[in-house]
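Just so we're clear, the structure is a prediction, and the values are computed from it rather than from any experiment. Only this structure's heavy atoms are used, side chains among them; waters, hydrogens and symmetry mates stay out. Numbers for residues simply follow the sequence, beginning at 1.
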Amino acid sequence: MTSTHAVPPAHPATAPAPPEEAVAPLIRGIAVLRGLTDAGGAAGLSDLGRATGLARATLDRVVGTLAHMGYVRLDGSSAVLQPRLMELGNAYLGALRLPDLLGGHADGLADELDESVSLAVADGDGIRFIHQAIRRRTLSLSFRIGDLLPAERTAPGPLLATEWSAENWTRWRERQVVDPDDLGFPAIPPRSHGTVAEDFETRVARARVHGWAMDDQLIETGLVAVSVPVRAPDGRIACVASAVSHTSRHSADSLRDSLLPRLRAAVAAMERELADAPPPEPRSAPSGLAVWTSASKQELGGEFITSLARGLTVITAFGEGRAELTLSEVAQRTGLPRATARRALITLEHLGHVTVHRRVFRLTPRVLALGFPPLCRTTLARIAHPHLTALTQKVRESTSLAVLTGDEIQCAASVAAGRIMDADIVVGSRMPAYATSTGRVLLAGLSAEEYSRRVAHVRMGALTPRTVTRPADLRTILDQVREEGYALVDEELEAGLRSIAVPVRDREGGLIAAVNVTMHSSRRSAAECVRAVLPELRATAGQVEMDLHLAGRFVRVPTL
């Protein structure tokens, strides 16, 4: 995620002027986040300035504020989106509840059909994905949660358009004039023919009668999809479920004939789920946000834009059990003055990220446009790398993250300290788990049954004179690692090499990886490692876990 390609142009339609009470820095900050999202998650500051129209000094302050919030990382002359930004999209998806309630059904259907399955909702005159169950193939679907597609080029579009208001239809017709090539939709290739728009109203009428719709290569040659609406208990469309395939496996007709019945059965189960779901339990929103922004302003002075930070924190007031909030509730949950919260909500409504009805505010799918599509494809290694870099700079030793593969550990990310004599741990390299600090941390997390399956049969050869080779001794060491929460290995893998490691856990508390610091034994004693390095190592693991838990709330984060 360090590419510096140019930011695509914004949607060519002319946006209405902001209201007088709108927060200009919040508008600028969201423009920067949208620009980075459309650019795939990273862009050069010069490109970003041209795309947003911001002066360089203003852009630097905006990006600096976003970086202090953990939403953006500066990488030389580029800005890179960070996983922490996903808390904004998580707030919308949590408030919506549909991914939590229906995602398992979509995943099960994808397994049954061996085809990709998605859930989408309406976003103005387009559709936006809220869940993806992708089947990984050489020819594989590349859409991501949060991607926006023009309704007329999709299977869900005609179904969602059956509920469009006159305003939606007017907006759609205006877009056909100002953006005939769909340049405002970076997730898809430009439109290659004009009949898509001409036939759309006919497809909507047909979807209204039949209750399903198809996409026969409207997005891209070879891509076919069939969709069925998932209706809420009140009869309105909650979302649309789609099964997607390639013409090498299904024609449009065979897709309809073979997949539509099973898609309808899955949708019926989804609708029962919605009907039977108990009301959500309100969960606490982040607290102390106003205090944090004030402290940040005190720390950074004029380089920190308080109104931008506070405006974005308003989005985090929403979430599970907090789908609808009044102005007073937003102010209470963020700790912001009512006047500040009100201006932020006015701005977010103007930008289409919030709707208001009878003084009650709700987030819209457009919140997902703030970084979610590129970030939802992140990996554990990408999450860990900037934190490992910071740790290496602090302790001036090489760092790495590893996962357990069989009876070995495999390096997933590493940062070298740049010393003349340095630990050279190459990404992808494998080492015996029993003789490494990361390996012992990971082995200590196994159940007795899993440990026996993976390790009991392994011959523990002596790699150095100090290598532990007796299984009973290793079990004693692993008991100690389990109790103390870290492992220190001293010249057992290689003479002169000392390392210390701690665990990294997922949202459910499962042990999925370990991070370590590796050094020459002459530079620090074992006691100094525990006293000086271990606290920094644990803090780094905590930062990795924080980002991992945010990124993994609604998407699966691969460990390799």
Side-chain angles (χ1 to χ4, degrees), residues 103-104 107-108 110-111 133 136 378-384 388 399-414 425-463 466-490 492-494 499-518 534 537-538 540-542 544-549 551-553 555-560:
D107 296 344
D111 290 340
R136 297 296 175 195
T378 194
T379 63
L380 178 59
R382 288 178 182 170
I383 289 173
L388 294 179
T399 60
S400 65
L401 176 139
V403 298
L404 190 64
T405 55
D407 57 7
E408 296 179 313
I409 57 120
Q410 181 172 350
C411 177
S414 68
I425 304 174
V426 179
V427 171
S429 61
R430 293 171 179 251
M431 288 168 276
Y434 72 88
T436 61
S437 60
T438 49
R440 288 181 181 176
V441 165
L442 293 166
L443 291 175
L446 297 179
S447 65
E449 179 182 356
E450 185 70 7
Y451 179 84
S452 297
R453 188 180 70 81
R454 290 188 185 227
V455 182
H457 66 284
V458 176
R459 179 180 176 276
M460 296 167 55
L463 305 176
R466 304 187 64 168
T467 306
V468 172
T469 58
R470 290 169 37 122
D473 292 341
L474 179 62
R475 287 195 181 93
T476 300
I477 291 171
L478 295 181
D479 288 340
Q480 183 178 358
V481 170
R482 201 174 295 114
E483 181 179 342
E484 296 179 344
Y486 74 92
L488 190 146
V489 170
D490 200 0
E492 294 188 47
L493 179 68
E494 183 178 318
S499 67
I500 184 169
V502 297
V504 174
R505 300 184 182 278
D506 61 19
R507 288 181 58 86
E508 288 72 41
L511 179 56
I512 61 168
V515 291
N516 85 330
V517 173
T518 305
L534 181 59
L537 188 56
R538 281 177 164 157
T540 298
V544 173
E545 288 177 345
M546 184 183 301
D547 285 353
L548 175 63
H549 297 173
R553 174 64 181 89
V555 299
R556 187 184 70 84
V557 179
T559 56
L560 286 174

Audit row: Leu404, Leu446, side chain to side chain contact (heavy atoms under 4.5 Å, CB included) steps and yes/no: CA-CA 10 Å; Leu404 190 64; Leu446 297 179; 4.0 Å; yes
Derivation and outcome, side chain to side chain contact (heavy atoms under 4.5 Å, CB included), residues Val441 and Val504: CA-CA 9 Å; Val441 165; Val504 174; over 6 Å; no
Set of residues satisfying salt bridge (Lys or Arg N to Asp or Glu O under 4.0 Å) with respect to Glu484, sequence neighbours excluded: none
Leu548 and its side-chain contact (heavy atoms from CB on, under 4.5 Å) partner, picked from Thr559, Thr378, Leu380: Leu380
Side-chain (Thr469) to main-chain (Ala462) donor-acceptor, under 3.5 angstrom: no
Spatial distance of atom CG (Leu401) from atom SG (Cys411) [nearest 0.5 Å]: 7.5 Å
Atom pair CG/CD of Leu442 and Gln410 - distance to nearest 0.5 Å: 12.0 Å
side-chain hydrogen bond (donor to acceptor under 3.5 Å, both in side chains) involving Arg538 - partner list, sequence neighbours excluded: none
With sequence neighbours excluded, residues passing side-chain hydrogen bond (donor to acceptor under 3.5 Å, both in side chains) with Thr467: Thr464
Distance (rounded to the nearest 0.5 Å) between Ile500 CD1 and Thr438 OG1: 12.0 Å
Exercise: identify the closest heavy-atom pair between Thr436 and Ile409: OG1-CG1, 3.8 Å
Note, Val515 side chain near Thr399 side chain (heavy atom, < 4.5 Å): no
Step-by-step side chain to side chain contact (heavy atoms under 4.5 Å, CB included) determination, Leu478 to Tyr451: CA-CA 11 Å; Leu478 295 181; Tyr451 179 84; 3.4 Å; yes
From Ile512 atom CD1 to Glu545 atom CD, the distance as rounded to the nearest 0.5 Å: 8.0 Å
Rounded distance [0.5 Å steps], OG1 in Thr379 versus CG in Leu560: 9.0 Å
Closest non-hydrogen atom pair between Leu463 and Tyr434, with its separation: CG-OH, 4.0 Å
Point-to-point distance, once rounded to the nearest 0.5 Å, from CZ of Arg440 to CD of Glu492: 4.0 Å
Those residues that, when tested against Glu408, pass salt bridge (Lys or Arg N to Asp or Glu O under 4.0 Å) (two or more places apart): Arg430
Minimum heavy-atom distance between Val502 and Gly485, given as atom pair plus value: CG1-O, 3.9 Å
Asn516 to Ala501 - nearest heavy-atom pair and separation: CB-CB, 3.5 Å
Distance-minimising heavy-atom pair for Leu511 and Ala513: CD1-O, 3.4 Å
Arg507 to Arg553 - nearest heavy-atom pair and separation: NH2-CD, 3.2 Å
Which residues share a salt bridge (Lys or Arg N to Asp or Glu O under 4.0 Å) with Arg482, sequence neighbours left out: Asp479
Qualifying residues under salt bridge (Lys or Arg N to Asp or Glu O under 4.0 Å), relative to Asp473, sequence neighbours excluded: Arg470
